[in-house]
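One structure is given here, and the rest of the page talks about it.
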Amino acid sequence: MTGATFGGVSGLYAGLRDTTLAGHTGKLRRTQLLNYISKQGAASANALGVIAVMYSGFGVILSWVRGIDDEINTLTAATTTGLLYKSSAGLRRCAVGGAVGFGIAAAYCLWNSKDRLHTFTRLNPA
(Lines give C-alpha, C1' and ligand atoms only; values in the text may rest on other atoms or scores of the structure.)
Protein backbone atom coordinates (compact mmCIF):
# COMPACT_ATOMS: atom_id res chain seq x y z
CA MET A 1 0.00 0.00 0.00
CA THR A 2 2.86 2.36 0.79
CA GLY A 3 4.48 1.73 -2.58
CA ALA A 4 1.20 2.30 -4.37
CA THR A 5 0.60 5.53 -2.48
CA PHE A 6 4.03 7.00 -3.15
CA GLY A 7 3.94 5.76 -6.73
CA GLY A 8 0.49 7.24 -7.28
CA VAL A 9 1.55 10.63 -5.91
CA SER A 10 4.68 10.57 -8.04
CA GLY A 11 2.60 9.54 -11.07
CA LEU A 12 0.18 12.40 -10.40
CA TYR A 13 3.05 14.89 -10.28
CA ALA A 14 4.61 13.54 -13.49
CA GLY A 15 1.22 13.41 -15.18
CA LEU A 16 0.37 16.99 -14.27
CA ARG A 17 3.75 18.16 -15.49
CA ASP A 18 3.67 16.23 -18.76
CA THR A 19 0.04 16.92 -19.67
CA THR A 20 0.53 20.62 -19.00
CA LEU A 21 3.60 20.71 -21.23
CA ALA A 22 1.74 18.77 -23.95
CA GLY A 23 -1.23 21.14 -23.76
CA HIS A 24 -3.80 18.42 -23.02
CA THR A 25 -7.18 19.50 -21.68
CA GLY A 26 -10.47 17.95 -20.67
CA LYS A 27 -11.07 14.24 -21.05
CA LEU A 28 -7.72 13.58 -22.71
CA ARG A 29 -5.84 15.13 -19.78
CA ARG A 30 -7.93 13.26 -17.23
CA THR A 31 -7.30 9.95 -19.00
CA GLN A 32 -3.58 10.62 -19.25
CA LEU A 33 -3.43 11.52 -15.54
CA LEU A 34 -5.17 8.28 -14.60
CA ASN A 35 -2.73 6.35 -16.79
CA TYR A 36 0.28 8.01 -15.14
CA ILE A 37 -1.09 7.41 -11.64
CA SER A 38 -2.02 3.76 -12.19
CA LYS A 39 1.17 2.85 -14.05
CA GLN A 40 3.55 4.45 -11.54
CA GLY A 41 1.49 3.27 -8.56
CA ALA A 42 1.49 -0.33 -9.75
CA ALA A 43 5.21 -0.31 -10.56
CA SER A 44 6.14 1.10 -7.15
CA ALA A 45 3.81 -1.26 -5.29
CA ASN A 46 5.29 -4.22 -7.16
CA ALA A 47 8.88 -3.20 -6.41
CA LEU A 48 8.20 -2.59 -2.72
CA GLY A 49 6.24 -5.85 -2.49
CA VAL A 50 9.13 -7.84 -3.94
CA ILE A 51 11.54 -6.21 -1.49
CA ALA A 52 9.21 -6.95 1.44
CA VAL A 53 8.83 -10.62 0.48
CA MET A 54 12.59 -11.05 0.00
CA TYR A 55 13.38 -9.37 3.34
CA SER A 56 10.77 -11.41 5.18
CA GLY A 57 11.99 -14.64 3.62
CA PHE A 58 15.61 -13.97 4.52
CA GLY A 59 14.59 -12.93 8.04
CA VAL A 60 12.57 -16.10 8.63
CA ILE A 61 15.33 -18.34 7.25
CA LEU A 62 17.97 -16.64 9.40
CA SER A 63 15.81 -16.91 12.53
CA TRP A 64 15.19 -20.57 11.82
CA VAL A 65 18.85 -21.39 11.11
CA ARG A 66 20.31 -19.37 13.99
CA GLY A 67 17.51 -20.14 16.47
CA ILE A 68 17.38 -16.52 17.64
CA ASP A 69 15.74 -13.34 16.40
CA ASP A 70 18.05 -10.38 16.92
CA GLU A 71 19.59 -7.35 15.23
CA ILE A 72 22.11 -9.47 13.33
CA ASN A 73 19.25 -11.18 11.50
CA THR A 74 17.74 -7.80 10.64
CA LEU A 75 21.01 -6.39 9.33
CA THR A 76 21.86 -9.53 7.37
CA ALA A 77 18.39 -9.89 5.85
CA ALA A 78 18.27 -6.24 4.78
CA THR A 79 21.77 -6.27 3.32
CA THR A 80 21.14 -9.52 1.46
CA THR A 81 17.84 -8.20 0.14
CA GLY A 82 19.53 -5.06 -1.21
CA LEU A 83 22.32 -7.10 -2.77
CA LEU A 84 19.98 -9.58 -4.42
CA TYR A 85 17.43 -7.00 -5.55
CA LYS A 86 20.07 -5.03 -7.45
CA SER A 87 22.20 -8.01 -8.49
CA SER A 88 21.09 -7.87 -12.12
CA ALA A 89 22.16 -4.22 -12.48
CA GLY A 90 25.89 -4.86 -12.14
CA LEU A 91 28.40 -5.14 -9.34
CA ARG A 92 28.48 -1.45 -8.42
CA ARG A 93 24.68 -1.11 -8.14
CA CYS A 94 24.55 -4.42 -6.32
CA ALA A 95 26.95 -3.01 -3.71
CA VAL A 96 24.92 0.20 -3.48
CA GLY A 97 21.74 -1.83 -2.96
CA GLY A 98 23.40 -3.80 -0.17
CA ALA A 99 24.68 -0.60 1.42
CA VAL A 100 21.22 0.98 1.28
CA GLY A 101 19.67 -2.13 2.83
CA PHE A 102 22.30 -2.17 5.56
CA GLY A 103 21.86 1.56 6.23
CA ILE A 104 18.09 1.32 6.56
CA ALA A 105 18.39 -1.75 8.81
CA ALA A 106 21.07 -0.09 10.95
CA ALA A 107 18.90 3.00 11.44
CA TYR A 108 15.95 0.75 12.34
CA CYS A 109 18.03 -1.26 14.81
CA LEU A 110 19.42 1.86 16.46
CA TRP A 111 15.94 3.37 16.73
CA ASN A 112 14.49 0.17 18.17
CA SER A 113 17.24 -0.29 20.74
CA LYS A 114 17.62 3.34 21.84
CA ASP A 115 16.35 2.49 25.34
CA ARG A 116 18.99 -0.23 25.78
CA LEU A 117 21.71 2.07 24.44
CA HIS A 118 20.62 4.88 26.74
CA THR A 119 20.64 2.55 29.76
CA PHE A 120 24.05 1.18 28.75
CA THR A 121 25.60 4.66 28.48
CA ARG A 122 24.22 5.66 31.89
CA LEU A 123 25.65 2.53 33.53
CA ASN A 124 29.01 2.79 31.74
CA PRO A 125 30.00 6.43 31.42
CA ALA A 126 33.05 7.05 29.24
Side-chain angles (χ1 to χ4, degrees):
M1 294 298 289
T2 303
T5 301
F6 284 121
V9 169
S10 135
L12 176 64
Y13 174 74
L16 286 172
R17 184 187 65 225
D18 291 350
T19 57
T20 300
L21 290 175
H24 295 155
T25 59
K27 291 181 181 180
L28 176 61
R29 184 174 189 192
R30 185 175 59 235
T31 301
Q32 285 296 99
L33 284 174
L34 289 173
N35 288 341
Y36 273 92
I37 292 168
S38 61
K39 184 176 180 180
Q40 187 65 41
S44 297
N46 187 35
L48 202 58
V50 167
I51 290 170
V53 168
M54 287 170 57
Y55 171 76
S56 297
F58 286 133
V60 167
I61 290 169
L62 285 167
S63 292
W64 181 69
V65 168
R66 293 184 67 228
I68 188 169
D69 188 19
D70 60 357
E71 287 84 5
I72 294 173
N73 289 357
T74 302
L75 293 169
T76 305
T79 304
T80 308
T81 298
L83 288 170
L84 186 61
Y85 185 74
K86 285 296 184 179
S87 65
S88 63
L91 191 57
R92 180 180 224 160
R93 288 203 176 163
C94 178
V96 169
V100 167
F102 181 81
I104 292 171
Y108 172 78
C109 288
L110 286 173
W111 179 263
N112 250 6
S113 59
K114 64 183 176 189
D115 293 335
R116 286 188 294 168
L117 290 173
H118 183 66
T119 303
F120 178 75
T121 56
R122 273 193 304 181
L123 296 176
N124 301 317

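Bear in mind that the values here come from a model prediction, so they are computed numbers and not experimental data. Along the sequence shown, residues carry numbers from 1.
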(request) State the OG1-OH distance between T74 and Y108, to the nearest 0.5 angstrom. (result) 6.5 Å
(request) Considering non-hydrogen atoms only, spot the tightest contact between L33 and G15 and give its length. (result) CD2-C, 3.3 Å
(message) Just so I know, are the side chains of L75 and F102 near enough to count as touching, which here means a heavy-atom distance under 4.5 Å?
(response) yes
(request) Could you tell me the separation between the CD1 atom of I51 and the CD1 atom of I104, rounded to the nearest 0.5 Å? (result) 8.5 Å
(request) Identify the heavy atoms of S113 and E71 that sit nearest to each other, and give their distance. (result) CB-OE2, 4.3 Å
(message) Just verifying a value: how many Å separate D70 CG and T76 OG1, rounded to the nearest 0.5 Å?
(response) 8.5 Å
(request) Of all the heavy-atom pairs spanning G101 and A78, show the shortest one and how long it is. (result) O-CB, 3.3 Å
(request) Decide yes or no for R29 and T20: does some side-chain heavy atom of the first lie under 4.5 Å from some side-chain heavy atom of the second? (result) yes
(request) Measure the spacing between CD1 of I61 and OG of S56 and express it to the nearest 0.5 Å. (result) 11.0 Å
(message) Nearest 0.5 angstrom please: L62 CG to T80 OG1, how far?
(response) 6.5 Å
Would you be so kind as to tabulate the donor-acceptor pairs closer than 3.5 Å made by side chains of residues 81-98, with sequence neighbours excluded?
residue	atom	partner	partner atom	Å
T81	OG1	Y55	N	3.4
T81	OG1	A77	O	2.7
S87	OG	L84	O	2.9

(request) Find out whether L34 and T31 are in side-chain contact, i.e. whether some heavy atom of one side chain is under 4.5 Å from a heavy atom of the other. (result) no
(message) Looking at every non-hydrogen atom in both residues, tell me the closest pair between G3 and S44 and how far apart they are.
(response) O-CB, 3.1 Å
(request) Tell me, with the steps shown, if T19 and R30 meet side chain to side chain donor-acceptor pair (under 3.5 Å). (result) CA-CA 9 Å; T19 57; R30 185 175 59 235; over 6 Å; no
(message) Any heavy-atom pair between the side chains of V9 and Y13 that's under 4.5 Å?
(response) no
(message) Working to the nearest 0.5 angstrom, can you tell me the gap between M1 CE and L48 CG?
(response) 12.0 Å
